Amino acid sequence: MARPGTPTLPRPAGSDVLVRLRNIVGQAHVLTEADATAGYARDWTGRFVGTTPAVVRPGTVGEVAAVLALCNEAGVAVVPQGGNTGLVGGSVPLGGEVVLSLRRLDALGEVDQVTGQVTAGAGVTLEALQRHAALAGAAFGVDLGARASATVGGMVATNAGGLHFVRHGGMREQVLGLEAVLADGTVISHLGGLWKDNTGYDWSKWLCGSEGTLAVVTQVRLRLVPRYSHHALALLAFPGARAAVAAGAALRATLADLDAAELFVEAGLDLVCRQLGLPRPFTEAHGAFLLVGAAGHEDPLPALAAAVESTEGLVDAAVADPGRYEQLWAYRERHTEAINLLGAPHKLDVTLPGAGLADFIETVPGVVAQVAPQAQTWLFGHVADGNIHVNITGVAPEDDAVDDAVLRYVAACGGSISAEHGIGTAKKPWLHLNRSEAEVALFRSVKSALDPRGVLNPNVLLP
Ligand code: FAD
Ligand code: MLT
Ligand code: ZN
C-alpha cells in the first residue's frame, strides 16, 4: 500500500476492471481481442506500435466519467484516442494502457446563426464538422489532410494547426468553451460561448495542446468563420526554397485574402507524382514550389494574379481553374501518404524564426546526412507560419540519432521542436530544448493538480 500523498504508478487493467468497464459501456464497447484492438494500438505512420488490454468506447459523457473514475480508483492508465491520426506516438498505448476511444461522441449541435458558433462532440470528424458548417452557410477555420478521420477532441488535444493557420489560426483560436472529464471522473463544463467572459482562469485553453494528459475532452464550443464564395489557387515554381520562402513572406504581407501558402520541393513533388500516379504540374523540374490560396466574398483572383505578377524569382506559375483545385492540393497534401509508402518516417514538425527559415531548409539535409548518410530528408510545410515538416526515411524506427541532431539544430536556430503535432512520446526526451526547468516544473504542477494519480496518458509529453 502506498503512503498517503505518494503517487501510485498506473498499472495494466486486471480482469475485475474489465468486467466493471463492460458494465459501464456495454459488452460490445469493450474490445479485447487482438484483431479488434490492433488498429487502436498502432499509430498512423506505423512507427509506434503498442498493446492494450482493452479499447473502451463510451457513448456518453456520463460513461466517460464512470470509466475514468473506475480507472483512477484502480490506478489503471488510460490513453484517450480520437481518430488516431496523431503523428507523435501520443494516441497509442505504448505502455499497455487502456485505450479510451471517444469516436462515439459524435453529436453535432445546431449552428448558432446569431453568434456563428457550434457545439461538437469530441468524436466528430473534421470532415463532418466542415459539412455541417457548410450546410449552415459557414465554414470551420482549421483544415487538415487527415480530415476524414481526425476528430474535434484530438484536434483540441494537439492544438492542430493545418492549412489555413495563416488566416484563422489553429484550434486554440477556434475554441470558445469545453466540456471535459478530469481523471477522477469529475465533469467540468463551460460551453456558453460568450464572446467576452473574464470569469477567472480559461481552463479550456489549458487543454489545447495538452495531448490527453490533463483531462478528456468530450464536447467543444467552436467559432465558425465565413464561408467565402470566391476562391483562387495558384502553384508557383521557383529555382530554390530561398526564393519560395521570400515569396511566401511577401504574399503574406500583401495579399489580404491569403488563406494558404504551402511549400514543397522538387524531390517531394517527384515522389508524390511517382508514388501516387499523378501527372507532373510543369513539364520542367524546378527547385521549390509554393501553393498559394486566396478566398473572399469577392473574386480574389485579380489580387492574386497581381501579387504573382510582382513575385520575385518566379520561374513558372499555374493559376488553377476551380476544376483543378483538388489536383493542385494533392501535390502538397499527399506528401504525408507518399512518404509513408517508403516506410515509417521520423516526422519532425518544427517552426523556425522567419529570418532563419530559408537557411534552415538549405542546411538541415546536411545535418541529417552527418548522422545518417543513408537517410533521405523530405521537406514541406506551412511556410507562411514558419512551419517546416522535416521527414526522414531510411532510418530504423527506434534509432533516434536523426531526431536528436535535427531537434538540437532547430533549438540552436531559435525554433520550436513542435509546430503543430505536439510532443507525444516521439519528442519527449527533447522537451528541455524549448522549455526551461521552471516551465516543466509548472507543467508538472498543473498535471498533478488535475490528474494526481497520473493515469491520463502517462507516457506522453512530460519527461
Ligand atoms: P489522435 O491521434 O487520436 O490523438 C492525438 C492526441 O490527442 C493524443 O495524445 C491523444 O491522447 C489525444 N486525444 C485524442 N482525443 C482526445 C480527447 N477527446 N480528449 C483528450 N485527449 C485526446 N496536424 C496538424 O496540426 N496539421 C496538419 O496539417 C496535419 N495534417 C495531417 C495530415 C495527415 C495525412 C495525417 C495523418 C495527420 C495530420 N496531422 C496534422 C496530424 C493529426 O491529424 C492531428 O494531430 C489531429 O489533431 C489528431 O486528431 P485525432 O482525432 O486523430 O487525434
Ligand atoms: C501536413 O502538413 O501535411 C501535416 O502536418 C502532416 C505531415 O506532417 O505529414
Ligand atoms: Zn502540417
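Start at 1 and go down the list; that is how both ligands and their atoms are numbered. A quick note: this is a predicted structure, and the numbers were derived from the prediction, not measured.
- Among all non-hydrogen protein atoms, the one lying nearest atom 11 (O) of ligand 1 is Pro80 O, 2.6 Å.
- The nearest heavy-atom contact from the protein to atom 27 (C) of ligand 1 is Leu144 CD2, 3.4 Å.
- Heavy atoms from both the backbone and the side chain of Thr151 come within less than 4.0 Å of ligand 1.
- Among protein heavy atoms, atom 6 (C) of ligand 2 sits closest to Thr336 OG1, 3.4 Å.
- Contacts with ligand 1 closer than 4.0 Å are made by side-chain heavy atoms of His382 only, the backbone lying farther away.
- Within the 4.0 Å heavy-atom criterion, the part of Ala122 lying near ligand 1 is the side chain and not the backbone.
- In terms of polar-atom proximity, defined here as any N/O pair under 3.5 Å, Gly161 does make such a contact with ligand 1.
- At a heavy-atom distance under 4.0 Å, atoms from both the backbone and the side chain of Thr85 approach ligand 1.
- In this structure, atom 5 (O) of ligand 2 lies nearest to the protein heavy atom His421 NE2, 2.7 Å.
- The single protein non-hydrogen atom nearest to atom 39 (N) of ligand 1 is Leu87 CD1, 3.9 Å, given as residue, atom name and distance.
- Listed by atom number, the atoms of ligand 1 under 4.0 Å from Ala160 heavy atoms are 25 (O), 47 (O).
- Looking at ligand 1, you'll find an N or O of Glu420 within less than 3.5 Å of one of its N or O atoms.
- Side-chain atoms of Asn457 and Glu211 include no donor-acceptor pair closer than 3.5 Å.
- The single protein non-hydrogen atom nearest to atom 13 (N) of ligand 1 is Ala157 CB, 3.6 Å, given as residue, atom name and distance.
- Ion pairing of Arg280 with Glu266 is present here, as a side-chain N (NZ or NE/NH1/NH2) and a carboxylate O approach within less than 4.0 Å.
- The Leu87 neighbourhood of ligand 2 comprises atoms 6 (C), 7 (C), with distances under 4.0 Å to a heavy atom of that residue.
- Around CD of Glu362, the count of heavy atoms belonging to other residues, nucleotides or ligands within 6.0 Å exceeds 12.
- The pair Arg20-Glu73 meets the salt-bridge criterion, with a side-chain N (NZ, NE, NH1 or NH2) lying under 4.0 Å from an Asp/Glu carboxylate O.
- Residue contacts with ligand 1, taken as heavy atom pairs separated by less than 4.0 Å, involve Val217 via backbone and side-chain atoms alike.
- Residue-level proximity to ligand 1 for Ala215 is carried by the backbone, the only part with a heavy atom below 4.0 angstrom.
- Distances below 4.0 Å separate heavy atoms of Ser91 from the following atoms of ligand 1: 1 (P), 2 (O), 3 (O), 4 (O), 8 (C).
- Residue Val156 comes nearest to Val175 through the heavy atom pair CG2-CG2, 4.0 Å, listed as atom of the first residue, atom of the second, then distance.
- Using a 4.0 Å cutoff on heavy atoms, Leu163 does not count as a contact of ligand 1.
- Of the N or O atoms in Thr158, one or more lie within a sub-3.5 Å distance of an N or O in ligand 1.
- Counting heavy atoms of neighbouring residues, nucleotides and ligands inside a 6.0 Å radius, atom CD of Glu33 does not exceed 12 of them.
- Close placement of the His335 and Phe380 rings is indicated, their centers lying within 6.0 Å of each other.
- Annotation for Ser210 and Leu461: closest pair O-CD2, 4.2 Å, computed over non-hydrogen atoms.
- Note: an N/O pair closer than 3.5 Å links Gly83 and ligand 1 by distance alone.
- Taking any N or O of Gly90, backbone or side chain, at least one lies under 3.5 Å from an N or O belonging to ligand 1.
- When each atom of ligand 2 is checked for a heavy atom of Glu420 under 4.0 Å away, the hits are 2 (O), 5 (O).
- The backbone N or O of His190 lies less than 3.5 Å from no partner atom in the side chain of Arg221, so there is not a single donor-acceptor pair.
- In this structure, atom 23 (N) of ligand 1 lies nearest to the protein heavy atom His421 CD2, 3.5 Å.
- Distances from atom 3 (O) of ligand 2 to the heavy atoms of His389, His335, Arg332 show the closest one on Arg332.
- An N or O contact shorter than 3.5 Å links His382 to ligand 2 by distance.
- Of the protein's non-hydrogen atoms, Gly162 CA, 3.4 Å is the one closest to atom 28 (O) of ligand 1.
- Within a 6.0 Å sphere centred on CZ of Arg227, heavy atoms belonging to other residues, nucleotides or ligands number 12 at most.
- The distance from the Zn ion (ligand 3) to the nearest N/O/S atom of Asp349 is not under 2.8 Å.
- Residues Thr45 and Asn340 bring no donor and acceptor atom of their side chains to less than 3.5 Å of each other.
- A heavy-atom distance below 4.5 Å is found between the side chains of Leu341 and Leu276.
- Close N/O approach between Asn84 and ligand 1 is found [any backbone or side-chain N/O within under 3.5 Å].
- Looking at ligand 1, you won't find any N or O of Thr336 less than 3.5 Å from one of its N or O atoms.
- Taking a cutoff of 4.0 Å between a charged side-chain nitrogen and a carboxylate oxygen, Asp403 and Arg47 qualify as a salt bridge.
- Proximity of Glu337 to ligand 1, defined as any heavy-atom pair under 4.0 Å, is not found for any part of the residue.
- The shortest contact between atom 3 (O) of ligand 1 and any protein heavy atom is with Gly82 N, 2.7 Å.
- Ranking protein heavy atoms by distance to atom 32 (C) of ligand 1, first place goes to Ala146 N, 3.6 Å.
- Side chain of Asn391 to backbone of Pro345: no donor-acceptor contact under 3.5 angstrom is found.
- Side-chain atoms of His382 and Glu420 form a donor-acceptor pair, as typed in the model, at a separation below 3.5 Å.
- Residues Leu214 and Leu456 form no side-chain contact, since every pair of their non-hydrogen atoms from C-beta on lies 4.5 Å or further apart.
- Polar contact with ligand 2: absent for Glu333 (N/O pair, distance under 3.5 Å).
- A side-chain donor from one of Glu179 and Thr218 sits under 3.5 Å from a side-chain acceptor of the other.
- In Asn457, the part holding a heavy atom less than 4.0 Å from any atom of ligand 1 is the side chain.
- With 2.8 Å as the limit, His389 counts as an N, O or S neighbour of the Zn ion (ligand 3).
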